[in-house]
Amino acid sequence: MSGGSSNRFKAALGDRQRQIGLWLGLAVPYVAELCGNAGFDWVLVDGEHGPNTLRTVLTQLQALQAGPAEPVVRALSDDPNLIKQLLDIGAHNLLVPMIETGAQAYRLVAATRYPPLGTRGVGSALARASDWGRCKDYLATAHNDLCVIVQIETPLGVKNARQIIETEGIDGVFIGLSDLAATMGLPGQPGHPEVLGAFREVAALAQELGKPFGTLASSSSLASEALQSGCTFLAVGSDVGLLVQAAGELLGKYRRDAADRPAADVY
């Protein structure tokens, strides 16, 4: 890695190309590889709510490396120590939850940059990200390849959205509808008019400031709302949801078929 970014996801966001993604919550490399080869532009390895550890995130990044989908890793939090570990194992696209102020966004960006640009600890000789030291200019160029996306998902985050989005080094904004609904006192109602009003406010601000924004749509109506608002990167489902839905439909089909058949004679 040297010079400009080789990160396809970051480049696509910069060009405002629409990117359709899938959430990965099962924390299984085999599933990640299967979904990564399905044709999605990006997949999200969930380190916040999925049962992931640093090592399971690593194995999923390895499983996804040869496929067409760009992996995005959601960190557990904005803890610089966690960010450092995710970067060292080769996460190029970071999604960081619960960013609420410009100062918090600034500290996050600093955690992704080596001094003098930031505060990231230097251990690149031991890191997969630098090909274990074989990338000789990694310390100077690593930040070019990173895509840092902040999640705005609370009323305080919405209030401070301008200063968050304007922070240098923030590459995109993710509007977390489920947490936004919950923190607005409307848990389980991501499509509530008040929640959508906050969503549109942040979306319009992101467009005004020239930053791509995205979300996870839990329904086709929310997906349509997001796309109509100019959403650039949109997750339209999850591995968990697909499995639950398909399992339920399959079971229901055969239960209905069995109910329709006449009872067997008993001798």
Side-chain angles (χ1 to χ4, degrees), residues 13 18-27 40 42-52 72-79 94-105 108 148-167 170-209 211-245 248:
L13 293 190
R18 182 170 292 164
Q19 302 289 290
I20 303 300
L22 183 74
W23 224 254
L24 301 179
L26 290 172
F40 292 98
W42 60 285
V43 291
L44 189 287
V45 180
D46 194 346
E48 182 185 18
H49 293 299
N52 275 300
V72 179
V73 177
R74 178 156 71 169
L76 177 62
S77 73
D78 65 339
D79 183 334
L94 287 179
L95 178 63
V96 183
M98 293 292 176
I99 302 300
E100 296 186 300
T101 67
Q104 188 184 7
L108 168 62
V148 180
I149 303 170
V150 291
Q151 283 191 237
I152 292 178
E153 48 191 342
T154 66
L156 181 59
V158 173
K159 178 182 177 181
N160 293 322
R162 179 175 289 275
Q163 59 180 262
I164 293 170
I165 298 170
E166 286 182 330
T167 302
I170 296 300
D171 298 297
V173 183
F174 183 94
I175 307 167
L177 289 170
S178 293
D179 275 299
L180 185 56
T183 55
M184 291 177 67
L186 299 163
Q189 301 179 66
H192 191 282
E194 291 182 25
V195 179
L196 292 181
F199 172 85
R200 294 180 188 123
E201 178 182 343
V202 177
L205 185 58
Q207 290 183 308
E208 174 192 331
L209 298 174
K211 289 289 175 70
F213 71 94
T215 191
L216 168 62
S218 57
S219 67
S220 58
S221 61
L222 287 178
S224 295
E225 168 74 31
L227 294 174
Q228 289 171 9
S229 298
C231 180
T232 306
F233 58 105
L234 176 67
V236 293
S238 69
D239 55 357
V240 174
L242 290 173
L243 185 58
V244 168
Q245 180 180 355

With sequence neighbours left out, what residues match R162 under side chain to side chain donor-acceptor pair (under 3.5 Å)?
E208
Under the side chain to side chain donor-acceptor pair (under 3.5 Å) test, residues paired with T167 that sit two or more places apart:
none
Does any N or O in the side chain of [X] come within less than 3.5 Å of the main-chain N or O of [Y], such that one atom is a donor and the other an acceptor?
X: T215; Y: A217; result: no
X: N52; Y: A27; result: no
X: K211; Y: G172; result: no

In the structure I gave you, are the side-chain heavy atoms of I152 and V158 within less than 4.5 Å of one another anywhere?
yes
Do I99 and D78 touch side chain to side chain, with heavy atoms closer than 4.5 Å?
yes
Side chain to side chain contact (heavy atoms under 4.5 Å, CB included), that's the test. Do T232 and R18 meet it? Break it down for me.
CA-CA 5 Å; T232 306; R18 182 170 292 164; 5.7 Å; no
Inter-residue atom distance S77.OG - E48.CD, 0.5 Å rounding:
9.0 Å
Measuring from H49:NE2 to R74:CZ, what's the distance to the nearest 0.5 Å?
5.0 Å
With sequence neighbours left out, what residues match S224 under side chain to side chain contact (heavy atoms under 4.5 Å, CB included)?
Q228
For residues 233-242, please give each side-chain donor-acceptor pair under 3.5 Å, one per line with the distance, not counting sequence neighbours.
unit_1 : atom_1 : unit_2 : atom_2 : d
S238   : OG     : G241   : N      : 2.8
D239   : OD1    : G25    : N      : 2.8
D239   : OD2    : G25    : N      : 3.2
D239   : OD2    : L26    : N      : 3.2

Would you list the atom pairs, donor with acceptor, under 3.5 Å between side chains in residues 194-206 and any protein atom, with sequence neighbours excluded?
unit_1 : atom_1 : unit_2 : atom_2 : d
R200   : NE     : E225   : OE2    : 2.7
R200   : NH2    : E225   : OE1    : 3.0
R200   : NH2    : E225   : OE2    : 3.3

For V96, the option from L108, I149, I170 that meets side chain to side chain contact (heavy atoms under 4.5 Å, CB included):
L108
Only one of L95, L24, L216 passes side chain to side chain contact (heavy atoms under 4.5 Å, CB included) with L44; say which it is.
L95
Considering all heavy atoms of both residues, which atom of A75 and which atom of P97 are nearest to each other, and what is their separation?
O-CD, 3.3 Å
Closest non-hydrogen atoms of W42 and Q19, given as atom of the first, atom of the second and distance, are NE1-O, 3.1 Å
Residues N160 and E100: side-chain donor-acceptor under 3.5 angstrom:
no
Give the table of side-chain donor-acceptor pairs shorter than 3.5 Å for residues 173-188, with sequence neighbours excluded, one pair per line with atom names and distance.
unit_1 : atom_1 : unit_2 : atom_2 : d
T183   : OG1    : E153   : O      : 3.1
T183   : OG1    : D179   : O      : 2.8
T183   : OG1    : L180   : O      : 3.2

